[in-house]
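Residue numbers begin at 1 in each chain, while the letters A, B, ... track the order of the sequences. Just so we're clear, the structure is a prediction, and the values are computed from it rather than from any experiment. What you see below is based on every heavy atom in this structure, not just the backbone, and it leaves out hydrogens, waters and symmetry mates.
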There are 2 protein chains.
Amino acid sequence: MITPVPNPSGPGRKRPTIRDVARVAGVSYATVSRVLNGHDWVSPEAVRLVRDAIARTGYTANPHARSLATGRSGSIAFLLTEPQHLLFEDSNFAVLLRGVAQALSAREQTLILMIAATATERDRAVSYLSGGHVDGVLLVSPHSGDPLLGQLVRAEVPIVACGRVLGYEQVISSVAADDRSGARSAVEHLLAAGCRRIATITGPQDTSGGVDRLHGYTDALTAHGLAVEPARIAHADWSREGGETAMRALLDRAADLDAVFAASDALAAGALPVLREAGRHVPRDVRVVGFDDSGLAATLDPPLTTVRQPLERISEEMVRLLADITAGRNPLSITVPTTLVVRRSSPA
Amino acid sequence: MITPVPNPSGPGRKRPTIRDVARVAGVSYATVSRVLNGHDWVSPEAVRLVRDAIARTGYTANPHARSLATGRSGSIAFLLTEPQHLLFEDSNFAVLLRGVAQALSAREQTLILMIAATATERDRAVSYLSGGHVDGVLLVSPHSGDPLLGQLVRAEVPIVACGRVLGYEQVISSVAADDRSGARSAVEHLLAAGCRRIATITGPQDTSGGVDRLHGYTDALTAHGLAVEPARIAHADWSREGGETAMRALLDRAADLDAVFAASDALAAGALPVLREAGRHVPRDVRVVGFDDSGLAATLDPPLTTVRQPLERISEEMVRLLADITAGRNPLSITVPTTLVVRRSSPA
DNA sequence: GCGGAACATGTAACCGGTTACAGTGAGGGC
DNA sequence: GCCCTCACTGTAACCGGTTACATGTTCCGC
């Protein structure tokens, strides 16, 4: 039975502190702190008394006071440098965010979301993060040329990236899908279906996803003794519009293509309508495969064959790695396997 | 010219504090604090010295210490009770988040994202938020029956919701689109096109959006002397799947419909394929209008006529309102106008 | 020449936790 | 019976800011 201690109501009432709890429990405030943290010896009797007092007073710790004393903030930042990540084109990103939030919640940590799109926002973000105000930073598929990376590394903020950070492999831990072999399996799936003039729409070549997925494409072709035709490779950013433009370019200079491997679902989503307009039926005339298995893939017309990344797993690992770094360990980067999801855009 | 004070390097080096700055500047630490905050008198000379010292030491304030002293946290929580909000179906939500992040960044505030989907996460969220650890909470279209609302209100946490909170109109400030007249204009647009057997797919009736958009629908019909047929009204949650199910139900019991007003784009996105499968051409046989103008709308096939909410405006207003409440004012709730965006699913 | 504003700055207390260190009392070995 | 250890608890210092209050200065009017 819990008897709540009546506290003066009204907006001016003060929240109970560790001292209040101590008074109610009849112990010293240090003991309360010890019970709270658990890494020191306290008698079972004292634990009971304190637990009781906490329940009766409705005490919750003041995280700022705690952070001040420990030097650890209990919060990590999820840094977003491209706002379009947030948009529905990249629902991966949303899944990742969800996963990270869940993993952090389980560790009693807080998720600070920073969107650094404008120059002002970027400056503010860098100084906030470098200031040691968060325990670590999670980055999503950063571009290798981004000056922000250097600034954060120099400030020695613990960082974990989703996707390898080209040029920083040795200093920034990362969790990434096995892009290269994922892409290879996608292209091999097309080869198995009899396609021989396979084109690709790549992602930005300053991201590991962009580079590795292109590698996977060339891997598959050369393994089958096929030449890699530059005309069949179109570069794009990760956006749907990029996919559109690239697809038009491909139809222009490699009109005989019989399949397209797009390095992301968004790119594929941009490519599909262009193919339709050009009178190419998918999958009869041209087979299409994407990458990510974002929510988008299944709802496209036709539903898109794609390479699934285990995003829940990735987000968990990111949080775990960050915790490792914070704890002083120096964890290795991690690669997780992908799986091919076959849908109507390229039937088996 | 800034001469940086050489500080011992290596990971163990300590960040400069206000005392360090004071020493370098040759003033007391209180003066530094005053310069930092600006709401007390300091001589121009001292300001110069301190500014200089800050630049040279690379000082940034410790937000935890500040929060502890001031009692204000400088962070607000964006609380998400339905994780599907994050998914691409509801890109509104993403735009809203982006807008809020921007508005907060401008105010030097931090955005804490809390996803409270599971029971554990909800408990943790409530106790965290009630604990006075954030300056306020932003809620997205909460359901009126959610017990979380009562808990937060009782804890007297400043709250601003996007969308009126049914049953809490007097205690929770909100910013909302003018759902009712937006819906009415959508239906009037269909009436103007000659449709007379207009059905609707509504959102949940425990959200203001769900209720008001249905009201707008009936408003338009009755204003034109048309009866409101219950058979032409199908209820759904906000999801695409909900739209699918509801559309099937409508085709079942009101097969003669010549238009559908869906209370959200996601609902419309679910309805479109069902219509296609049923052999109803959009817009020839059935005209369709959605609500939100989410990123989804323009990319559907056919592109969707919809009611646009000024989400950037809404997010800004939410942050402004929250600041008002925190400052002790008691702001009114706000309604912002919508605009009809006509696309091919219901040509003019 | 002196009292009192007005201004500028320093001192000290405080916010609410954590934790090093000292102290207490019980129990065990001899 | 004494000493030492061990288990536990309390005191005090500290984290890095803010701010009430006290303490000079300077300048002015009279």
Side-chain angles (χ1 to χ4, degrees), chain A residues 7 12-51 53-54 57-75 108 110 128 131-135, chain B residues 7 12-51 53-54 57-75 108 110 128 131-135:
Chain A
N7 53 358
R13 71 161 182 267
K14 282 171 53 78
R15 300 167 15 70
T17 73
I18 203 171
R19 264 101 174 159
D20 297 320
V21 174
R23 196 172 324 111
V24 172
V27 299
S28 79
Y29 51 84
T31 300
V32 176
S33 177
R34 283 189 269 259
V35 170
L36 252 30
N37 297 298
H39 42 59
D40 256 320
W41 265 114
V42 185
S43 71
E45 173 63 5
V47 172
R48 205 187 51 70
L49 283 170
V50 170
R51 288 263 152 78
I54 287 177
T57 51
Y59 167 83
T60 58
N62 180 327
H64 306 298
R66 175 169 289 169
S67 300
L68 181 56
T70 59
R72 237 183 313 288
S73 77
S75 62
E108 309 246 305
T110 309
Y128 188 83
H133 307 328
V134 295
D135 293 342
Chain B
N7 51 356
R13 72 164 180 268
K14 282 171 52 77
R15 300 166 15 71
T17 73
I18 203 170
R19 264 103 173 158
D20 297 322
V21 174
R23 195 171 327 110
V24 171
V27 298
S28 79
Y29 51 85
T31 300
V32 176
S33 176
R34 282 189 270 260
V35 170
L36 252 30
N37 296 297
H39 40 59
D40 256 321
W41 260 116
V42 185
S43 70
E45 174 63 4
V47 171
R48 205 187 52 70
L49 284 170
V50 170
R51 288 262 152 77
I54 287 177
T57 51
Y59 168 83
T60 57
N62 180 326
H64 307 297
R66 175 170 290 168
S67 299
L68 181 57
T70 60
R72 236 183 313 287
S73 78
S75 62
E108 308 246 306
T110 309
Y128 188 84
H133 308 326
V134 295
D135 293 342

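Annotation: side chain of B:Tyr59 is not in contact with side chain of B:Val24 (no heavy-atom distance under 4.5 Å). For the pair B:Val50 and B:Arg34, the minimum side-chain heavy-atom distance is 4.5 Å or more. The closest side-chain heavy-atom distance from A:Glu45 to A:Arg48 is below 4.5 Å.
The shortest non-hydrogen separation linking B:His133 to A:Asn62 is CE1-CA, 4.0 Å. In terms of heavy-atom proximity, A:His64 sits nearest to B:Leu68 at CB-N, 4.2 Å.
Put simply, CZ on A:Arg48 is 16 Å from P on D:dC8, counting in whole angstrom units.
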The contact string for nucleotides 8-18 of chain C, one letter per nucleotide 5' to 3', using protein heavy atoms under 4.0 Å with B, S and - for base, sugar-phosphate only and none, comes out as SBBBB--BBBB
